[in-house]
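To find a chain, count down the sequence lines: A is the first, B the second, and so on, and within it residues start at 1.
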Amino acid sequence: MAKAGCRGAAGRFVQQNRILEQHHPGASRHPSSSRRGKRFSSISPYWDSTGIRRRMTNQVRVRFAPSPTGYLHVGGARTALFDWLYARKTGGVFILRIEDTDTERSSDEMTTGILESMTWLGLTWDEGPFLQSDGVDRHRATAERLVESGHAYRCFCPAEAIEQKRQEAAARKTDFKYDRTCLRLGPEEVRGRLANGEKAVIRFKVPQGAVTFKDAVIGDITIAGETIEDFVLVRSNTQPTYHLSVVSDDIEMRITHVIRGADHVNNTPKQILLYQALGATLPVFAHVPLILGPDKTRMSKRHGATSVQSYAEQGIIPEAFRNFLALMGWSPGNDQELFDTEELIRCFSLEGISRTNAVFNPEKLAWFNLQYIQKLPDEKLIAYVKPEFEKAGLWKDEFQTEKYAWFCSMLALLRPRAKTLLEFPRQARMFIIDAVEFDPAAVEKSMNDPSIRRNLAALGQRLEALPDFTHDAVEATIRGLATELGIKPGALMSGARVALTGQSVSPGLIETMLVFGREKTISRLLHIGPQ
RNA sequence: GGCCCCAUCGUCUAACGGUCAGGACGUGGCCCUCUCAAGGCCAAAAUACGGGUUCGAUUCCCGUUGGGGCUACCA
């Protein structure tokens, strides 16, 4: 692929990668993840079993943190790709963390599916996958520290009451924020009510003043503190919430760059406030634009195929999908579109990320797929295509042994016509099965003239007499016979096409004959099947 | 409703004050040709609107409009 210069390294926003402070004094060991049966790697490299903190470096550490409430969708995959690319680009570490703290909606099957999709895409992670739920004790401890330091407080207000007020405010079309009733509670009262068994949440006490941060892709973003509600850190059932868990984990994992979807920009001020309250150094935030459906609304189930898995099932190859995804919201700054892995890594930069949402374009994906299919080495193509042939009941092991060369020559005919892997068995069928499956319309179109059978038989005889069954010899024979018969070569060829394949469309006739082989070609011309 | 963000061909995008606004997908035409593809060539197609700033705005500023996101004891 063309070697081209990429966007300069001088960034739109150059921000120093600072080392995150390790601030957790009594960081306990990661509990093992046997809670729900299935066990994912839970060995954390951040601190070893002796409790000795690892040497800190200024190495980039990025994470992809999907929640296993569904399959990996294209938006998530694109985010993961950018995370991965940035880590590879900088020689950093790519961490996978499963945010499964919503126990209601999370499932192990989804986690497995996400892992499979990432593997399919070749997005290999260096650490993890960690389960966020393994950190709940630490998350709770973090919240307690915030209460102790006066950054958070317990709130006894019933959720229903707040929800009702919220509804009322919405009906009135006015803004609603929790009124901080419980902020005024004295420590005695809090203790008393807790001792009484009253349920409480822990809320973050949002400080006065605006929060400003420099997003690596969007730029400066400022949000007035007054618009941020005292959000819940720990639920009344003691489950930590998202904001707390993410910040606690990102600090713990020493994440230097938070690259995630733009749907998180409004969460960022809350999280920044948490970092500050915890005395931790901020990571660089980079919010990548969203991927939209054709109707320009956020991709969802009603847009049809949105999971990575569904594209794999549709015969898209991972290299193509990845290349396509990379160009959704990122550009190298020039006209290059086809990138192999190394080029992609070399050219990728946060500066090249767009600020505009992108509409998913399946047609362009198909084009990328075609491009990649053309270039795939035979071995690799066969590996991709084999399962499809098996599904269609057309696979034979000899394709990889005695008939390997033949199989490759057939694939060569099919390639330029294949936009997806699924088309290979479909098109290869006529080369593999013994019978000819005649398409009535094709027969009607090219075989209705009674002379055509005679002519094809004549062609069969000539080919039989040919010393060498080669492309040039066959072509000369066909053209010669057509001239003698006073018909167009095309008429003879379309008849031969139907006699051989049963179809009116196929790869080049002569190439097709060569793949069928001399015997089959001649016998089909001499003895045209039914009809 | 409030808050945040965004705005170049239908779509993905290039342009970082001066270009005939470039490329790609898709679309149309032509070429190649035994059909279908692939490939080659050509074409149509955009700076949302209104104000500024400037010798000069796609580019900088403001407003309008449009779009998206967030607005939970979801993540």
Side-chain angles (χ1 to χ4, degrees), chain A residues 12 65-69 99-102 104-106 132 155 158-159 162-163 166 169-177 199 201-203 215 218-219 221-224 226-229 231-237 239 241-243 245-246 261-269 287 289-290 292 294 296-298 324 327-338 354-368 370 374 413-419 427 442 445-446 475 478-479 482 488-498 501 503-510 512:
Chain A
R12 220 188 283 156
S67 62
T69 54
E99 309 221 318
D100 60 342
T101 50
D102 183 349
E104 297 292 300
R105 302 193 301 145
S106 297
Q132 184 159 64
C155 168
I162 294 176
E163 186 49 36
R166 212 184 292 280
R172 258 181 285 120
K173 290 189 185 295
T174 57
D175 209 7
F176 174 80
K177 260 171 60 187
K199 296 279 186 202
V201 299
I202 296 176
R203 281 185 187 274
D215 187 276
I218 300 169
I221 296 173
T222 299
I223 290 169
E226 303 77 60
T227 65
I228 306 173
E229 182 175 46
F231 54 98
V232 172
L233 258 22
V234 179
R235 302 183 180 97
S236 52
N237 67 1
Q239 284 298 316
T241 64
Y242 165 72
H243 292 295
S245 305
V246 184
D263 49 339
H264 286 290
V265 302
N266 288 291
N267 292 330
T268 307
H287 289 96
L290 269 19
L292 274 24
K296 302 216 179 178
T297 62
R298 219 231 266 242
F324 168 71
L327 260 14
M328 296 282 295
W330 172 80
S331 157
N334 56 36
D335 290 340
Q336 186 176 355
E337 297 210 283
L338 264 8
S354 161
R355 286 171 298 273
T356 325
N357 291 166
V359 174
F360 188 85
N361 182 353
E363 252 127 33
K364 191 144 187 178
L365 206 211
W367 178 79
F368 273 108
L370 181 103
Q374 305 319 307
L413 288 194
L414 270 26
R415 275 186 202 249
R417 278 155 262 261
K419 278 191 171 160
Q427 305 295 330
K445 189 179 167 197
S446 305
E475 177 158 24
I478 292 171
R479 292 186 186 282
K488 287 194 207 162
L492 191 58
M493 290 173 99
S494 56
R497 169 170 290 109
V498 177
T501 70
Q503 308 293 314
S504 56
V505 300
S506 81
L509 207 227
I510 298 157
T512 300

Considering residues at least two apart in sequence or located in another chain, which fulfil the side chain to side chain contact (heavy atoms under 4.5 Å, CB included) criterion with [X]?
X      : answer
A:D335 : none
A:A159 : none
A:A170 : none
A:R415 : A:I373, A:Q374, A:L376, A:D378, A:L381, A:F424

Interatomic spacing from CD in A:E226 to CG in A:D175 - rounded to 0.5 Å | 11.5 Å
Rounded to the nearest 0.5 Å, what's the gap from CG on A:L290 to OG1 on A:T297? Could you check?
-> 11.0 Å
Give me the distances for all protein-to-nucleotides 1-8 of chain B N/O pairs that come in under 3.5 Å?
from: B:G1; atom 1: O2'; to: A:K173; atom 2: O; distance (Å): 2.6
from: B:G1; atom 1: N2; to: A:D175; atom 2: OD1; distance (Å): 3.3

Check the distance between [N]'s [atom2] and [X]'s [atom1] and give it to me in whole angstrom.
X      : N     : atom1 : atom2 : result
A:K177 : B:C70 : NZ    : C1'   : 15 Å
A:Q336 : B:G22 : CD    : C1'   : 16 Å
A:F360 : B:G68 : CZ    : P     : 19 Å
A:N334 : B:C12 : CG    : P     : 19 Å
A:Q132 : B:A75 : CD    : C1'   : 8 Å
A:Y242 : B:C70 : OH    : C1'   : 12 Å

Considering only atom [atom1], compute the distance from [N] to [M] and round it to an integer number of Å.
N     : M     : atom1 : answer
B:U13 : B:U47 : C1'   : 13 Å
B:U64 : B:G1  : P     : 14 Å
B:C61 : B:G2  : P     : 24 Å
B:C9  : B:C30 : C1'   : 23 Å
B:C6  : B:C55 : P     : 28 Å
B:G51 : B:A46 : C1'   : 22 Å
B:C60 : B:A44 : C1'   : 33 Å
B:A38 : B:G26 : P     : 8 Å

[X] side chain near [Y] side chain, heavy-atom distance below 4.5 Å:
X      : Y      : result
A:N361 : A:V359 : no
A:N266 : A:I223 : yes
A:T501 : A:T512 : yes

Taking only residues two or more places apart in sequence or in another chain, which ones pass ring-ring contact (aromatic ring centres under 6.0 Å, His included) with A:F231?
-> A:F204, A:H243
Mind checking what makes ring-ring contact (aromatic ring centres under 6.0 Å, His included) contact with A:F324, not counting sequence neighbours?
-> A:F360
If you look at every strand shown and take non-hydrogen atoms under 4.0 Å, does [X] touch a base, only sugar-phosphate, or nothing?
X      : value
A:T101 : sugar-phosphate
A:H287 : nothing
A:R172 : nothing
A:V232 : sugar-phosphate
A:S245 : nothing
A:R166 : sugar-phosphate
A:N361 : base

Tabulate protein N/O versus nucleotide N/O from nucleotides 58-64 of chain B, keeping only pairs under 3.5 Å, one per line.
none

Of all the nucleotides listed ([options]), which has the minimum atom distance to the side chain of [X]?
X      : options             : answer
A:N267 : B:A24, B:A75, B:U13 : B:A75
A:E337 : B:C73, B:G23, B:A75 : B:G23
A:A358 : B:G22, B:C12, B:A75 : B:C12
A:E363 : B:G26, B:C73, B:A75 : B:G26

Step through the shown structure and confirm whether more than 12 heavy atoms of other residues, nucleotides or ligands are within 6.0 Å of NZ on A:K177.
-> yes
Got a sec, which residues hit salt bridge (charged side-chain N to carboxylate O under 4.0 Å, His left out) with [X], two or more places apart in sequence or on another chain?
X      : value
A:R105 : A:D102
A:E163 : A:R166
A:K364 : A:E337

Under a 3.5 Å cut-off for both contacts, is [N] paired Watson-Crick or G-U wobble with anything, and if yes, with which nucleotide?
N     : value
B:U54 : none
B:A7  : B:U65
B:C36 : none

B/S/- along nucleotides 33-49 of chain B (protein heavy atoms under 4.0 Å) is -BBBBSS----------
Is the phosphate of B:U11, meaning OP1 or OP2, less than 4.0 Å from a side-chain N or O of A:K296?
-> yes
Output yes when at least one side-chain N/O atom of A:R203 is less than 4.0 Å from OP1 or OP2 of B:A72, else no.
-> no
On RNA chain B, check which nucleotide each of A:D102 and A:L290 is closest to and give me the residue with the more 5' one.
-> A:L290
Which comes earlier along RNA chain B counting from the 5' end, the contact point of A:A65 or that of A:D335, where each point is its nearest nucleotide?
-> A:D335
